[in-house]
Amino acid sequence: MSSDAPRGVFITFEGGEGAGKSTQIARLAAALRTASGREVVTTREPGGTPRAEGYRAALLRGVAKPFGPFAEALMFAAARIDHVDALIRPALARGAIVLCDRFADSTRAYQGAAGGLDPALIVSLERVTLQGLRPDLTLILDLPAEAGLARARRRGGEGADRFEAEALSFHERLRSAFLAIAAAEPARCRVIDASPGPEAVEAAIRAAVASHRPDLLPGETGDRDHAA
Ligand code: Z5A
């Protein structure tokens with residue numbers, strides 16, 4: 001990439017089940033395309049490339065569960081390596097805005113905090129998997145675990161998987177884990193209250209993005225401009 005090539009923007013969405021990530025990624029992508037005129041790529045994990053989507057199907061069926069959280073984390077990492085190399089890095093090199101539904105913070109929360117995997121192993125795995133790639137902004141959609149599970153159950157479909165089947169306490173640990181990640185990395189992460197209706201959540205997300213990168217949503221007021 002030459003030094004005057006446009007620089008991409010990498011935004012990830014994280015949170016528990018049914019938090020509204022897919023809904024909000026579609027809305028933010030539409031807003032960014034209109035407002036910035038830039039290429040916007042939406043993708044997800046596990047998945048995003050044909051090879052990684054193959055891993056997704058196996059992971060959501062629970063194929064890796066009997067091997068324990070480390071083996072499961074390795075399988076998520078294998079899918080992520082292909083996703084990063086084949087889709088995310090090339091899109092960022094073109095100057096695109098990449099919106100990704102879950103990324104490495106999900107490994108920290110699901111296999112780490114909730115699954116019991118040693119955080120030191122996760123740090124090592126991130127180092128070799130990501131090779132320095134970090135999201136510019138991570139939006140953590142937060143709502144009580146029970147409310148998110150109820151939304152996911154109402155939606156049905158592929159989501160009724162290996163992770164939804166975990167106990168409520170697992171999902172409560174996940175929520176705490178995502179909030180702890182946000183507290184540890186405030187420059188990268190913004191917590192969004194995902195409890196209100198989709199329009200209110202969308203407005204909060206747009207304000208967070210405008211605050212972080214005013215050039216992406218010109219004319220919008222960032223949420224920090226409203227801070228007391
Ligand atoms: N996982 C992992 O363990 N380790 C890793 O490293 C990675 C992932 C990367 C992927 O499953 C699973 O992989 C995930 C973690 C694990 N666990 N699970 N399950 P997935 O992609 O199928 O599931 P998900 O990421 O949790 O997404 P989801 O369940 O599809 O939820 P969502 O995308 O956040 O929500 P949604 O589909 O936009 O909305 C859910 C329903 O609520 C739907 O009917 C909406 O119309 C409705 N909705 C949305 N917003 C609202 C509001 N604001 N109010 C009311 N209703 C709403």
Side-chain angles (χ1 to χ4, degrees), residues 12-29 42-49 52-53 55-65 67-84 87-88 99-117 119 121-123 125-126 129-130 135 138-168 170-171 173-175 177-178 181 192-205:
T12 58
F13 283 66
E14 298 278 4
E17 316 293 307
K21 298 179 304 303
S22 315
T23 304
Q24 294 300 332
I25 283 178
R27 288 171 179 240
L28 181 62
T42 62
T43 187
R44 66 177 181 180
E45 285 212 349
T49 61
E53 289 289 331
Y55 275 85
R56 175 186 180 88
L59 282 159
L60 297 191
R61 276 203 318 275
V63 167
K65 186 179 179 187
F67 296 92
F70 185 47
E72 198 167 44
L74 288 176
M75 210 163 153
F76 277 109
R80 184 164 300 137
I81 287 168
D82 192 62
H83 188 210
V84 166
L87 189 144
I88 296 176
L99 306 182
C100 187
D101 189 340
R102 297 195 180 281
F103 195 60
D105 293 319
S106 280
T107 306
R108 294 186 192 181
Y110 278 80
Q111 282 67 51
L117 186 61
L121 281 176
I122 293 185
V123 170
L125 206 51
E126 273 187 20
T129 307
L130 302 182
T138 295
L139 299 161
I140 294 179
L141 273 55
D142 176 62
L143 86 169
E146 233 164 334
L149 286 169
R151 281 186 191 172
R153 274 194 294 269
R154 275 199 299 276
R155 183 213 46 211
E158 166 187 62
D161 57 23
R162 174 244 177 287
F163 295 98
E164 262 179 51
E166 292 282 355
L168 182 61
F170 177 94
H171 294 282
R173 287 202 297 282
L174 279 178
R175 185 186 188 195
F178 282 121
I181 290 168
I192 304 292
D193 179 4
S195 304
E199 281 69 35
V201 178
E202 180 184 356
I205 286 173

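Each ligand, and each atom within it, is numbered from 1 in the order the structure gives.
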- Could Arg175 and Glu146 be called an ion pair, given the rule that one side-chain N must be under 4.0 Å from one carboxylate O?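 Looking at Arg175 and Glu146, the cut-off is not met.
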- Query: Below 4.0 angstrom, N of the basic side chain to O of the carboxylate: do Glu126 and Arg80 qualify?
  - Reply: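 The answer is no: the pair does not qualify as a salt bridge.
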Quick one: does [X]'s side chain get under 4.5 Å of [Y]'s, heavy atoms only?
| X | Y | value |
| --- | --- | --- |
| Phe103 | Leu130 | yes |
| Leu117 | Ile122 | yes |
| Ile205 | Leu141 | yes |

- Task: For ligand 1, note which part of Pro196 has a heavy atom under 4.0 Å away: side chain, backbone, both or neither.
- Result: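 For Pro196, the contact with ligand 1 is made by the backbone alone.
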- Item | Per-residue contact class, Arg154 against ligand 1 - non-hydrogen pairs under 4.0 Å |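 None of Arg154 does.
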May I ask whether [X] places a heavy atom under 4.0 Å from ligand 1?
| X | answer |
| --- | --- |
| Gln111 | yes |
| Gly47 | no |
| Glu72 | no |

- Task: Could you pull out, from Leu125, Leu141, Thr107, the option with a heavy atom nearest to atom 6 (O) of ligand 1?
- Result: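 That would be Thr107.
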- Message: I'd like the name of whichever of Glu164, Arg151, Glu199 reaches closest to atom 47 (C) of ligand 1 through any heavy atom.
- Response: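 It is Arg151 that holds the nearest heavy atom.
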- Could you tell me which residues satisfy ring-ring contact (aromatic ring centres under 6.0 Å, His included) with Phe163, sequence neighbours excluded, listed by chain and number?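 Residues passing ring-ring contact (aromatic ring centres under 6.0 Å, His included) with Phe163: Tyr110.
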- With sequence neighbours excluded, what pairs up with Phe178 under the ring-ring contact (aromatic ring centres under 6.0 Å, His included) test?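 Applying ring-ring contact (aromatic ring centres under 6.0 Å, His included) to Phe178 gives none.
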Just which atoms of ligand 1 are under 4.0 Å from any heavy atom in [X]?
| X | value |
| --- | --- |
| Arg56 | 20 (P), 21 (O), 22 (O) |
| Gly20 | 32 (P), 34 (O), 35 (O), 36 (P), 38 (O), 39 (O), 49 (C), 50 (N) |
| Gly197 | 53 (N) |
| Leu60 | 10 (C), 11 (O), 12 (C), 13 (O), 22 (O) |
| Lys21 | 24 (P), 25 (O), 26 (O), 27 (O), 31 (O), 32 (P), 33 (O), 34 (O), 35 (O), 38 (O) |
| Pro198 | 52 (C), 53 (N), 54 (N) |

Would you check if the side chain of [X] reaches a backbone N or O of [Y] as a donor-acceptor pair within less than 3.5 Å?
| X | Y | answer |
| --- | --- | --- |
| Glu14 | Leu139 | no |
| Arg44 | Asp101 | no |
| Gln111 | Phe70 | no |

Just distances here: any N/O of [X] and N/O of ligand 1 closer than 3.5 Å?
| X | value |
| --- | --- |
| Ala19 | yes |
| Ser195 | no |
| Gly18 | yes |
| Glu45 | no |

- Might you work through the salt bridge (Lys or Arg N to Asp or Glu O under 4.0 Å) test for Arg27 and Glu199, ending with a clear yes or no? CA-CA 9 Å; Arg27 288 171 179 240; Glu199 281 69 35; 3.2 Å; yes
